[in-house]
Each structure stands twice: as C-alpha cells, then as structure tokens.
Amino acid sequence: MSDKLYGYMDWPEIETVVYSEENSPRSILGAQVTEDGILVQCFFPGRDKVSVKTISDGKQYPMVKEDEAGYFAVLLPGKEIPEYVYLAEEEEEIREYHDAYAFPSMITLEEEQKFINGICYDIYEKLGAHPMKVNDVDGVYFAVWAPNALRVSVVGDFNNWDGRMYQMNLLPVSGIFELFIPDVPIGALYKYELKLKDGLTYLKADPYANEAELRPGTASRITDISSHKWKDTTWMKHRPEFNEKKSPMAIYEVHPGSWKKHEAKDEDDPGFYNYRELAHELAAYVKKMGYTHVELMGIAEHPFDGSWGYQVTGYYAPTSRYGTAEDFKYMIDHLHRNKIGVILDWVPGHFPKDAHGLANFDGTAVYEHQDPRQGEHPDWGTKIYNYGRPEVKNFLIANALFWVEECHVDGLRVDAVASMLYLDYGKEDGQWIANKYGSNENLEAI
C-alpha cells in the first residue's frame with residue numbers, strides 16, 4: 001500500500017463498515033475527490049480480489065485489501081470522478097458491480113419534513129422498493145422508516161441475505177434509511193436487516209412493499225406496480241360525479257379466498273382463484289344479480305388465512321394468495337369496465353405481533369404505543385396504532401390514498417371503528433389509560 005493511500009484511510013470508520021454498524025455509508029464508501037486523485041473505497045465481504053474499471057477507457061485498477069474482512073481501496077488518477085464499475089472475483093469468476101454508493105438519495109428534505117409532520121401523503125412513492133433507472137443504470141430504490149435502529153441493510157436473493165453488503169444511508173431529519181441498489185431484478189425476495197444499539201440483529205418485511213412472498217414465507221418481493229395500462233378511463237372520468245347519498249347502491253360483500261375455489265391438486269393446494277379469474281367470474285355474477293358494487297374482504301397481505309385478512313402485515317400489498325399486484329389491478333380494471341364499483345375493507349385499527357411485521361419494528365414501539373394499556377388489544381392479541389405519532393398517521397392516510405389513487409379502488413369500509421375510537425374497548429378496569437380529559441375517547445384516532 002502506498003503512503004498516500006494509507007494516509008486517507010479512516011480506520012474507525014472502516015471498522016464501523018466492517019462490523020456492519022454504519023448508518024452513513026456514502027460518507028466513506030464510493031468515490032471521493034482528493035488532492036492526490038480519486039479515492040475509491042468498497043466493502044465486498046469474503047472477496048480476495050477487487051478492481052475498479054473505468055467505463056470510458058476500460059482500464060482496470062487493482063484495489064488494495066485494507067481489511068481482511070473484504071474492505072478495499074484505490075487511488076485513481078484524475079481530478080473528476082469517472083464512471084466506473086467494480087470487478088470482484090467470486091469462486092474463480094469475475095462479476096461486475098455498479099457502486100450502490102455512487103447514487104444520490106431520491107428523498108428530498110421537503111419530503112422528509114412533510115413526513116415527520118404527517119402530511120406527505122404520497123410517501124408510498126418513495127418508501128418501499130421501487131424499480132427505476134438512475135443515471136442510465138437499472139436498479140431498485142429502497143427506503144424504510146426505522147428511526148431508532150443503529151444500522152439497516154437490504155438483504156435478499158441478490159446478495160445471499162448478507163447484511164454487511166448493502167448498508168443503508170440514514171436521513172437524520174426523518175429517521176428514514178435509503179439506498180439505490182443497481183441491477184437488482186424484479187421478482188427478487190428481500191427484507192430489511194436491522195441492527196439495534198445493543199447489537200441485536202433481526203429481519204423485518206418491508207412495511208411499504210407492494211408484493212409479498214406467498215405464506216408461510218414472510219419476505220417482501222420486488223415488483224413494478226407502474227406497468228399496468230389502465231382501461232377504465234370512462235369509469236374514472238365519471239367517478240367524481242357519483243353521489244352515494246342519492247345514487248342507488250347494492251353491495252355484494254365477498255371474501256375471494258372462500259367465494260369460489262378450484263378443486264385442490266393436493267393437500268397443500270388451497271385451490272384459490274387468481275385475481276384475473278376472479279375478475280371475470282365475479283363481474284358476471286354481480287351483473288346477473290343486479291349489484292352495483294363489490295366489497296372485497298381480506299385483500300391486504302396477511303400471514304394467517306384464518307384471520308380472513310383482518311390482521312394485516314402488508315398494508316401496501318394485495319395478498320399474493322390470489323396473484324400479483326398487477327393481477328389485482330387487472331381485476332379492478334375489469335370490474336370498472338363492467339360498471340361495477342369496488343369497495344375495499346380497510347383495517348387501520350390494529351396489526352398482529354408477527355415477528356416480520358410492524359410490531360417493535362426497529363427495536364422500539366414505532367408504530368404502536370410502548371405501554372400495553374395503550375398499545376394492545378388483550379382479546380385479539382394485536383397491537384394498537386399510535387395515532388398521535390405523525391409518521392404513523394402518515395402511514396395510514398397515505399395507505400388509504402394508495403388504494404384509491406394507485407389501485408383505482410372507489411371506496412373504503414373501515415373495519416373495527418369502535419376499537420379505534422374508545423380507549424377501553426374490550427378492556428377491563430386497569431387495562432387502559434384515560435385521555436387528557438379523563439374520558440375514554442381516543443382523541444388521536446378520532
């Protein structure tokens with residue numbers, strides 16, 4: 001190693017990266033302009049040889065292995081950062097990687113400030129996993145709110161579920177962690193690996209994911225929900241004219257998983273219809289019977305069939321039991337083209353304690369109250385949202401708008417309203433805490 005290169009090594013920061021405790025990786029990883037050239041640093045756990053290849057001329061610059069864990073660095077000639085890729089040797093094969101830390105944040109300071117004030121109602125366009133092209137490079141932009149985590153990483157099929165590789169960048173104003181990862185394929189499974197300040201590490205599904213792994217799997221799945229070409233233009237154009245107080249309505253309530261089934265192929269096959277099959281079967285039946293609307297039950301992703309979808313873990317994901325998010329949009333589209341409105345049962349009152357879900361998300365009560373007298377339903381065994389926290393309110397309001405605007409759902413039927421409005425719902429004396437006026441109304445929920 002040259003003395004110049006050695007002089008640029010920030011050993012405490014390198015140690016933070018190596019021990020996967022870095023929450024500001026862009027400050028050290030990637031390329032930086034120095035007096036002696038372009039300093040490039042990367043972390044490829046377990047690799048022995050890594051080089052930098054400049055795109056313009058194809059030159060390769062072998063990197064120095066600064067730490068045995070797989071931390072590499074090199075000084076390139078020049079005064080401006082070139083376009084480059086990494087060439088990493090893996091089992092006698094050379095693989096090419098774009099540098100995840102060469103791409104900027106996609107979340108603005110204004111969006112952060114709106115989010116922490118509970119009014120960034122399109123936040124679902126930034127949080128979650130979004131396929132996109134940045135600087136002519138295809139990849140996926142990941143962002144998750146975990147304000148009390150020491151470090152968050154994206155793990156999945158594409159990095160052998162290794163939390164050391166893609167440590168995310170913390171936006172300190174909001175507590176959002178974000179990172180654009182190049183070349184991640186649509187369809188890949190992923191989760192977030194969170195490290196707490198006491199060193200405990202665990203996995204969580206993405207609260208803003210648009211698709212999930214079929215149960216009993218609990219991973220999130222990368223999908224492109226922007227690909228559907230809507231054909232319900234006429235319906236959407238006239239939707240604002242509908243007056244539910246004066247127009248006739250006959251609503252057919254239906255749970256897709258039990259309304260109609262195929263003959264099971266084996267004991268593990270539930271026989272569910274796909275959303276696309278349901279679209280045609282349901283439209284025909286509803287028109288024949290003279291209904292104007294369908295009310296869909298149990299659409300948001302949930303872990304347990306027996307809950308019928310009323311204990312939700314994936315608020316932004318149509319359940320994968322019946323197909324993909326694209327299939328779900330097809331069903332809505334087809335119903336609209338048959339002049340049938342769609343109402344969705346929506347469950348903002350509580351959520352389950354499943355380990356991969358929202359409960360204790362970053363090691364603290366982020367979405368729920370810390371005190372079980374405020375944060376739990378004793379009869380249901382579920383958590384109660386902390387409606388007084390702006391980011392939680394934003395999560396729920398944005399979710400309502402997601403279904404209406406992104407998925408063209410026409411209305412929401414809110415489930416378990418009484419449990420939201422009353423602090424003593426389903427509780428005995430001593431199991432609940434009164435509001436500031438000494439009464440039982442949940443003022444924040446109201």
Side-chain angles (χ1 to χ4, degrees), residues 17 20 22 25-26 28-31 40-61 63 70-72 74 76 81-107 125-144 152-169 177-193 203 205-206 208-213 219-227 324-326:
V17 171
S20 63
E22 180 59 66
R26 283 199 196 95
I28 182 170
L29 298 175
V40 183
Q41 300 177 86
C42 63
F43 184 42
F44 282 91
R47 308 302 194 275
D48 290 321
K49 294 181 181 179
V50 179
S51 298
V52 172
K53 183 176 81 171
T54 49
I55 302 299
S56 60
D57 55 14
K59 288 185 178 179
Q60 297 184 23
Y61 300 87
M63 304 185 77
Y71 194 93
F72 296 85
V74 68
L76 306 182
I81 297 174
E83 289 187 58
Y84 64 93
V85 293
Y86 294 120
L87 301 177
E89 186 176 302
E90 300 178 25
E91 299 178 352
E92 299 182 357
E93 178 184 354
I94 303 297
R95 286 193 59 188
E96 186 174 292
Y97 294 88
H98 287 93
D99 187 353
Y101 302 103
F103 299 89
S105 170
M106 301 288 121
I107 298 175
E125 295 180 355
K126 295 298 177 71
L127 295 185
H130 300 280
M132 62 177 64
K133 187 185 290 285
V134 181
N135 299 339
D136 292 325
V137 176
D138 289 316
V140 178
Y141 186 68
F142 296 90
V144 63
V152 182
S153 297
V154 183
V155 297
D157 295 342
F158 41 87
N159 67 347
N160 295 318
W161 301 87
D162 188 340
R164 297 172 296 174
M165 280 195 68
Y166 292 125
Q167 298 175 53
M168 303 176 78
N169 199 66
F177 285 81
E178 54 79 39
L179 187 66
F180 176 76
I181 304 180
D183 306 317
V184 173
I186 291 175
L189 297 176
Y190 73 99
K191 282 187 176 182
Y192 295 113
E193 182 182 279
L203 298 174
D206 187 347
Y208 287 82
N210 294 131
E211 198 167 311
E213 184 181 16
S220 302
R221 188 183 298 277
I222 297 166
T223 187
D224 182 5
I225 63 169
S226 66
S227 60
T324 66
E326 170 71 14

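Residues satisfying the salt bridge (charged side-chain N to carboxylate O under 4.0 Å, His left out) test with Lys53, not counting sequence neighbours, are Glu96. With sequence neighbours left out, the salt bridge (charged side-chain N to carboxylate O under 4.0 Å, His left out) criterion links Lys126 to Glu111.
Separating the CG atom in Leu179 from the OH atom in Tyr166 is a distance of 8.5 Å, to the nearest 0.5 Å. Between Met168 atom CE and Arg26 atom CZ the span is 9.5 Å, to the nearest 0.5 Å.
No hydrogens or angles considered: nothing links the side chains of Tyr97 and Asp183 as a donor-acceptor pair under 3.5 Å.
Side chain of Ser51 to main chain of Gln60: no donor-acceptor pair is present (N/O by atom type, distance under 3.5 Å, no hydrogens or angles). Under the 3.5 Å distance criterion, the side-chain polar atoms of Arg221 are matched with a main-chain donor or acceptor of Gly187. In terms of modelled atom types and a separation under 3.5 Å, the side chain of Glu211 and the main chain of Thr324 share no donor-acceptor contact. With Asp57 contributing its side chain and Lys59 its backbone, the two residues share a donor-acceptor pair below 3.5 Å. Looking only at distances, a side-chain donor or acceptor of Ser105 sits under 3.5 Å from a matching main-chain atom of Ile107. Put simply, the side chain of Asn135 never gets that close to the backbone of Val137: no donor and acceptor are under 3.5 Å apart. Without hydrogens or angle criteria, Asp99 side chain to Cys42 main chain gives no donor-acceptor distance under 3.5 Å. The closest donor-acceptor contact from the side chain of Glu193 to the backbone of Val155 lies at 3.5 Å or more, if one exists at all.
A salt bridge links Arg47 with Glu90; the closest basic N to acidic carboxylate O contact falls under 4.0 Å.
Taking the six-membered ring for Trp and the full ring otherwise, the centers of Tyr190 and Phe142 sit less than 6.0 Å from each other.
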